[in-house]
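The block underneath contains the structure these notes are about, expressed in structure tokens.
Heads up: numbering here begins at 1 and tracks the sequence. Below, all heavy atoms of this structure are taken into account, side chains as well, without hydrogens, waters or symmetry copies. The shown structure was predicted, so the numbers you read here are calculated from the model rather than taken from an experiment.
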Amino acid sequence: VQLQASGGGLVQAGASLRLSCVYNGRTFRSYAMAWFRQAPGKEREFVSAISRSGSSTYYADSAKSRFTISRDYAKNTVYLQMNSLKPEDTAVYYCAASLGGTSMAQSEYDVWGQGTQVTVSS
């Protein structure tokens with residue numbers, strides 16, 4: 001199983017980006033999916049998660065009202081739509097997959113993507 005994240009880039013404050021994470025495997029529906037991020041000099045932190053069924057979503061306070069997580073079962077892909085980006089959103093964004101269910105804890109995630117850089121200039 002592999003996760004391939006993409007969609008990062010350099011944008012100005014207030015812009016939008018959509019991150020994508022493709023799951024290369026046969027059991028996408030078995031995994032809860034999440035996005036984490038790591039800013040320079042900081043620990044990796046939870047951003048958002050979506051349940052196996054897609055019916056439940058969770059967000060860090062910093063992401064609420066600005067970010068939206070979704071998943072497309074036909075494409076084995078999870079998305080993170082990020083609007084009204086701020087310089088403090090600058091980080092490497094990682095997608096992750098969990099067989100154990102939806103969680104904000106990194107330790108619950110079994111598979112990790114390689115990360116995609118998001119840089120927001122002021």
Closest approach of Val78 to Ser70 (non-hydrogen atoms, all atoms of both residues): CG2-O, 3.1 Å
Listed partners of Ser62 passing side-chain contact (heavy atoms from CB on, under 4.5 Å), at least two apart: Arg37, Ala60
Tell me whether Glu88 at atom CD has more than 12 heavy atoms from other residues, nucleotides or ligands lying less than 6.0 Å away. yes
Tell me whether Leu19 shares a hydrophobic cluster with Val11, the cluster being built from Ile, Leu, Val, Met, Phe, Trp, Tyr side chains joined at under 4.5 Å. yes
Contact between Phe67 and Ser48 at the side-chain level, heavy atoms closer than 4.5 Å - yes or no? no
For a 4.5 angstrom cut-off between non-hydrogen side-chain atoms, does Thr116 reach Tyr94? no
Side-chain heavy atoms of Gln117 within contact of Thr90, under 4.5 Å: yes
Quick one: does Arg66's side chain get under 4.5 Å of Lys86's, heavy atoms only? yes
Interatomic spacing from CZ in Arg71 to OG1 in Thr77 - rounded to 0.5 Å: 10.0 Å
On a heavy-atom basis, which atom in Ser122 and which in Ala13 lie closest, and how many Å separate them? CA-CB, 4.4 Å
Gly101 and Arg52: which non-hydrogen atoms are nearest, and at how many Å? N-NH2, 3.5 Å
Return each pair, listed once, that meets side-chain hydrogen bond (donor to acceptor under 3.5 Å, both in side chains) where at least one residue sits in residues 101-115; pairs must be two or more places apart or across chains. Arg44-Gln106
Are Val118 and Trp35 connected, step by step, through hydrophobic side chains (Ile, Leu, Val, Met, Phe, Trp, Tyr) whose heavy atoms are closer than 4.5 Å? yes
Find out if a path of hydrophobic residues (ILVMFWY) with successive side-chain heavy-atom gaps under 4.5 Å connects Phe28 to Leu99. yes
Quick one: CG on Asn76 to CE on Met33, what's the gap to the nearest 0.5 Å? 9.0 Å
Within 45 degrees of the ring normal and closer than 6.0 Å to the centroid, is that where the cationic atom of Arg29 sits relative to Tyr73? yes
Do you know which two heavy atoms are closest between Ile69 and Tyr59, and how far apart they sit? N-OH, 2.9 Å
Under 3.5 Å, is there a donor-acceptor pair between the side chain of Thr27 and the main chain of Ser30? no
Minimal heavy-atom distance between Ala5 and Cys95, with the atoms involved, is CB-SG, 4.1 Å
With ring pair (Phe, Tyr, Trp, His ring centres under 6.0 Å) as the criterion, how do Phe36 and Tyr93 come out once you've worked through the C-alpha distance, each side chain's angles and the decisive distance to 0.1 Å? CA-CA 6 Å; Phe36 292 82; Tyr93 283 70; over 10 Å; no
Are any of the side-chain heavy atoms of Tyr58 and Phe46 separated by less than 4.5 Å? yes
Decide yes or no for Asp72 and Tyr79: does some side-chain heavy atom of the first lie under 4.5 Å from some side-chain heavy atom of the second? yes
In the structure I gave you, are the side-chain heavy atoms of Val47 and Leu80 within less than 4.5 Å of one another anywhere? yes
Non-hydrogen side-chain atoms of Ile50 and Ser56 separated by less than 4.5 Å: no
